[in-house]
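Read the structure below first, then the notes.
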Amino acid sequence: MILEVENLSYRYRKASSPILRDVSFQLDSGEIMTILGCNGAGKSTLLNCLGNVFEPISGRIFLGGEDLRTMDLRKAARMISYVPQNHTAVYSYTVRDFIVMGRAPHLGILQSPGEKDYEIADQVMKELGISRLADKAYTEISGGERQQALIGRAIVQQPKIILFDEPTNHLDYGNQLRMIRLVRELAEKGYAVLMTTHMPDHAMLLGGKTAILDREGRLRVGKAEEVINEKTMDEIYRIKVKIVYVPEIERKVCVFDENAAVGKEK
Ligand SMILES: Nc1ncnc2c1ncn2[C@@H]1O[C@H](COP(=O)(O)OP(=O)(O)OP(=O)(O)O)[C@@H](O)[C@H]1O
């Protein structure tokens with residue numbers, strides 16, 4: 001098992017109660033797990049704990065069987081990469097230079113990326129269809145393009161696990177589906193992929209595991225087609241949805257049931 005999380009709890013320093021409570025799940029290489037939850041449920045917080053940015057108050061995280069708490073930091077960085085939701089550009093690196101920075105865990109201290117690292121970055125940009133951005137300044141590209149560059153930086157890291165925080169967030173309609181396909185391809189290549197999303201339909205398209213992070217900070221995990229149903233969507237989002245089979249595309253989709261009474265957000 002490439003990623004194992006055991007009874008993980010997290011509380012922000014000034015908060016009175018934990019955001020995450022006894023979260024446990026396992027993810028194997030080649031598996032996809034999507035995480036659904038309302039705004040503020042703690043999805044990004046969970047990814048930050050897994051990405052070794054936040055230290056849990058209790059519980060353990062194992063990467064390839066090794067406890068993250070005692071693992072060499074560079075080794076951990078080679079195993080897991082994190083694509084955050086928001087990224088503020090500070091320096092005007094070119095997109096190519098920004099992406100090649102993902103090679104850092106593979107380089108020696110103070111070692112600069114070499115020809116091979118740039119070749120990997122160029123190949124990844126080609127695969128992502130963003131080669132045209134290579135020489136543009138990272139500070140002068142759109143939000144969606146920046147997200148694609150962040151994804152590129154995560155892939156050149158050649159980790160075992162990729163964490164995506166709402167990867168379709170800034171993407172146009174077409175690029176959302178391309179992103180879903182990319183996630184699927186990454187899993188087919190053997191990466192374990194964990195991604196948060198606000199789109200139940202994206203989780204259904206991807207299949208695999210889906211986890212629901214509820215308002216109490218507890219995570220329920222199951223197969224996407226079992227976990228995503230009208231009851232659980234009402235619990236998370238306090239709205240009515242319909243899960244309907246569309247014969248033309250031979251799959252079930254999740255759509256708003258606009259005619260039903262909508263619950264109030266607390
Ligand atoms: N640095 C912080 N200090 C204290 N509380 C925080 C901090 N960052 C986030 N929170 C709180 O923790 C909760 C969970 O935040 P988080 O960003 O993990 O939610 P999320 O599920 O990713 O939300 P969204 O879907 O809106 O992105 C929120 O209530 C948020 O206000």
Side-chain angles (χ1 to χ4, degrees), residues 3 5-25 27 32-61 68 80-90 143-144 146-148 150-151 154 161-172 175-176 179-180 183 192-206 208-222 224 227-228 232-241 254 256 262-266:
L3 175 64
V5 177
E6 279 181 9
N7 300 109
L8 183 148
S9 296
Y10 183 81
R11 183 178 53 227
Y12 283 102
R13 219 166 275 159
K14 287 179 187 159
S16 53
S17 57
I19 282 289
L20 303 170
R21 295 172 200 260
D22 287 325
V23 167
S24 298
F25 68 89
L27 199 65
I32 300 170
M33 184 166 110
T34 45
I35 305 177
L36 298 169
C38 66
N39 285 133
K43 301 177 296 299
S44 303
T45 306
L46 174 59
L47 295 196
N48 275 305
C49 290
L50 302 176
N52 212 8
V53 182
F54 294 168
E55 193 181 343
I57 51 169
S58 59
R60 295 203 293 175
I61 298 164
L68 183 59
I80 197 158
S81 68
Y82 179 23
V83 183
Q85 203 179 125
N86 300 306
H87 183 260
T88 315
V90 182
R146 209 172 277 172
Q147 191 139 14
Q148 289 171 307
L150 277 166
I151 291 164
I161 306 158
I162 306 185
L163 311 174
F164 286 114
D165 201 358
E166 289 181 44
T168 55
N169 203 8
H170 291 283
L171 302 184
D172 71 38
N175 279 338
Q176 288 184 23
M179 180 66 214
I180 299 288
V183 166
V193 185
L194 201 69
M195 103 174 206
T196 67
T197 178
H198 280 305
M199 304 296 287
D201 205 47
H202 290 180
M204 288 171 70
L205 254 173
L206 282 166
K209 286 180 178 168
T210 291
I212 290 181
L213 186 60
D214 69 20
R215 289 161 199 260
E216 277 70 54
R218 298 193 189 278
L219 194 79
R220 276 178 282 166
V221 186
V227 170
I228 301 169
T232 51
M233 294 305 98
D234 193 0
E235 276 169 26
I236 305 180
Y237 302 114
R238 302 209 166 108
I239 54 153
K240 302 292 177 202
V241 302
C254 179
F256 293 128
V262 175
K264 280 219 171 88
E265 251 308 330
K266 272 188 189 164

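In listed order, ligands and their atoms are each counted from 1.
Contact residues for ligand 1 (protein heavy atom closer than 4.0 angstrom to any ligand atom): Y12, I19, C38, N39, G40, A41, G42, K43, S44, T45, Q85, E166, H198.
In this structure, CD1 in I180 is found 12.5 Å from CE in M204, a value given to the nearest 0.5 Å.
Residues N175 and T168 form no side-chain contact, since every pair of their non-hydrogen atoms from C-beta on lies 4.5 Å or further apart. For the pair V241/P200, no side-chain contact is recorded, criterion being any heavy-atom separation below 4.5 Å from C-beta on. Between P84 and L150 there is a side-chain heavy-atom pair separated by less than 4.5 Å.
A donor-acceptor pair under 3.5 Å is formed between the side chain of K43 and the backbone N or O of C38.
Taking N52 as the reference, L68, L73 meet the side-chain contact (heavy atoms from CB on, under 4.5 Å) condition, with sequence neighbours excluded.
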